[in-house]
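Here is the structure we will look at, set down as structure tokens.
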Amino acid sequence: MCCGNNNNKNDRECCLYDLLKDILKLQNRDFDDCCVDGCDKPFLGPNLSTICYNTRPLSFYNCTTGDLWNIQYTLNGTTSTSDVFRIEKLDECCCTCRVLIANTDGTYIPTSQFFTIDLDCVSAVQCHPDVSLDIC
């Protein structure tokens with residue numbers, strides 16, 4: 001169960017919250033542990049010596065439908081949707097993200113559009129390969 005109906009809420013919340021907290025620390029270059037792989041790998045990029053990455057793009061899955069969360073954005077007068085995001089802030093069970101636009105070459109364009117998602121409505125997080133974004 002999810003979206004506020006989870007009787008075992010603390011276990012699931014802790015898992016997603018801890019993962020997103022670690023990713024946010026990485027993006028802010030505030031992490032020292034170097035012995036983990038996967039979504040919570042403690043450095044951005046393909047290896048520890050690479051320092052040019054600043055983002056671990058994420059996708060979120062809806063806990064009710066299992067579908068990817070899609071957020072609408074407008075860029076240069078064109079409106080579309082994206083399912084890839086950059087975490088910007090984490091506050092208890094809420095996560096504020098920047099909408100990213102995926103290019104066909106595996107790169108992303110960061111938008112200036114943000115949204116906040118309730119982690120109670122997320123069943124899974126998918127991590128995409130780390131990238132470097134020009135973010136102000």
Side-chain angles (χ1 to χ4, degrees):
M1 302 290 295
C2 61
C3 296
N5 297 323
N6 186 355
N7 292 334
N8 199 14
K9 185 176 177 179
N10 290 337
D11 290 343
R12 189 178 53 78
E13 249 184 22
C14 181
C15 173
L16 290 177
Y17 179 86
D18 287 348
L19 171 69
L20 295 173
K21 181 177 73 173
D22 288 347
I23 291 171
L24 190 57
K25 283 181 174 183
L26 289 171
Q27 292 178 168
N28 293 330
R29 300 186 189 275
D30 186 23
F31 202 96
D32 295 327
D33 186 10
C34 296
C35 59
V36 182
D37 288 324
C39 281
D40 53 354
K41 176 180 66 171
F43 55 89
L44 295 172
N47 57 54
L48 185 57
S49 64
T50 305
I51 59 170
C52 63
Y53 295 87
N54 65 358
T55 299
R56 182 162 295 159
L58 305 170
S59 294
F60 298 101
Y61 287 86
N62 183 308
C63 65
T64 303
T65 65
D67 295 334
L68 282 170
W69 283 100
N70 288 287
I71 302 295
Q72 190 174 38
Y73 68 87
T74 302
L75 185 66
N76 300 325
T78 302
T79 300
S80 191
T81 61
S82 177
D83 61 12
V84 182
F85 316 107
R86 180 184 196 271
I87 183 171
E88 298 288 341
K89 183 179 175 189
L90 189 60
D91 185 23
E92 294 184 22
C93 66
C94 294
C95 176
T96 301
C97 296
R98 177 187 303 263
V99 178
L100 301 179
I101 303 169
N103 286 322
T104 56
D105 63 0
T107 61
Y108 298 93
I109 300 170
T111 70
S112 59
Q113 296 173 348
F114 300 85
F115 69 96
T116 300
I117 189 168
D118 185 338
L119 294 179
D120 283 342
C121 296
V122 175
S123 63
V125 174
Q126 178 183 3
C127 296
H128 302 281
D130 298 338
V131 296
S132 180
L133 297 177
D134 185 19
I135 298 175
C136 299

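These values consider heavy atoms only, across backbone and side chains, with no hydrogens, waters or symmetry-generated copies. Keep in mind it's a predicted model, so treat the numbers as computed, not measured. For this chain, numbers begin at 1 and follow the sequence in order.
- In terms of hydrophobic clustering, with Ile, Leu, Val, Met, Phe, Trp and Tyr side chains grouped at heavy-atom distances under 4.5 Å, I71 and L20 are assigned to a common cluster.
- Residues T64 and S123 form no side-chain contact, since every pair of their non-hydrogen atoms from C-beta on lies 4.5 Å or further apart.
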- Message: Using the rule given for side-chain contact (heavy atoms from CB on, under 4.5 Å), can you reason through V84 versus H128, listing the C-alpha separation, both sets of side-chain angles and the distance that settles it, and then say yes or no?
- Response: CA-CA 9 Å; V84 182; H128 302 281; 4.1 Å; yes
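- The closest donor-acceptor contact from the side chain of S82 to the backbone of L100 lies under 3.5 Å.
- Remark: the backbone N or O of T65 is paired with a side-chain donor or acceptor of N62 at under 3.5 angstrom.
- Under the 4.5 Å side-chain criterion, counting only non-hydrogen atoms from C-beta, R86 is in contact with L133.
- Proximity of Q27 to L24: side-chain heavy atoms (C-beta onward) are separated by under 4.5 Å at one or more points.
- L119 and C95 make their closest contact through CD2-CB, 4.1 Å (heavy atoms, listed as atom of the first residue, atom of the second, distance).
- C127 contributes atom SG, which lies 5.5 Å from atom CG of L19 (distance to the nearest 0.5 angstrom).
- Applying the side-chain contact (heavy atoms from CB on, under 4.5 Å) criterion to T74, with sequence neighbours excluded, gives T79, Q113.
- Connection of L68 to V99 is not established within any shared hydrophobic cluster, with ILVMFWY side chains joined at heavy-atom distances below 4.5 Å, either directly or through further cluster members.
- Of all the heavy atoms in C94 and T116, the pair that sits closest is CB-CG2, 3.8 Å.
- Under a 3.5 Å cut-off, the side chain of T55 and the backbone N or O of P57 do not form any donor-acceptor pair.
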- Query: So E88 and F114, side-chain contact (heavy atoms from CB on, under 4.5 Å) or not? Walk me through it.
  - Reply: CA-CA 9 Å; E88 298 288 341; F114 300 85; 3.8 Å; yes
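- Inter-residue side-chain proximity for T107 and V131 is flagged as unmet; no heavy-atom pair is nearer than 4.5 Å.
- Taking every heavy atom of both residues into account, D83 and S59 meet most closely at O-OG, 2.6 Å.
- Contact of the C93 side chain with the D118 side chain is registered, since non-hydrogen atoms from C-beta on lie closer than 4.5 Å.
- At least one side-chain heavy atom of V125 sits under 4.5 Å from a side-chain heavy atom of L16.
- Scanning all heavy atoms of the two residues, the minimum distance from P110 to R98 falls at CB-CD, 3.8 Å.
- For T78, there are no side-chain contact (heavy atoms from CB on, under 4.5 Å) partners at least two apart in sequence or on another chain.
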- Item | Test side-chain contact (heavy atoms from CB on, under 4.5 Å) applied to Y61 and W69, step by step | CA-CA 6 Å; Y61 287 86; W69 283 100; 5.7 Å; no
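- Residues T81 and Y73 are not in side-chain contact: their nearest non-hydrogen atoms beyond the backbone lie 4.5 Å or more apart.
- Grouping the Ile, Leu, Val, Met, Phe, Trp and Tyr side chains by contacts below 4.5 angstrom, directly or via other members, places I87 with I117.
- Across F60 and L58, no two heavy atoms sit closer than the pair CZ-CD1, 4.3 Å.
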- Task: Quick one: do T96 and F115 satisfy side-chain contact (heavy atoms from CB on, under 4.5 Å)? Show the steps, please.
- Result: CA-CA 6 Å; T96 301; F115 69 96; over 6 Å; no
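- Within a 6.0 Å sphere centred on CG of D105, other residues, nucleotides and ligands contribute more than 12 heavy atoms.
- For the atom pair OH (Y108) and CD1 (I135), the distance works out to 12.5 Å, reported to the nearest 0.5 Å.
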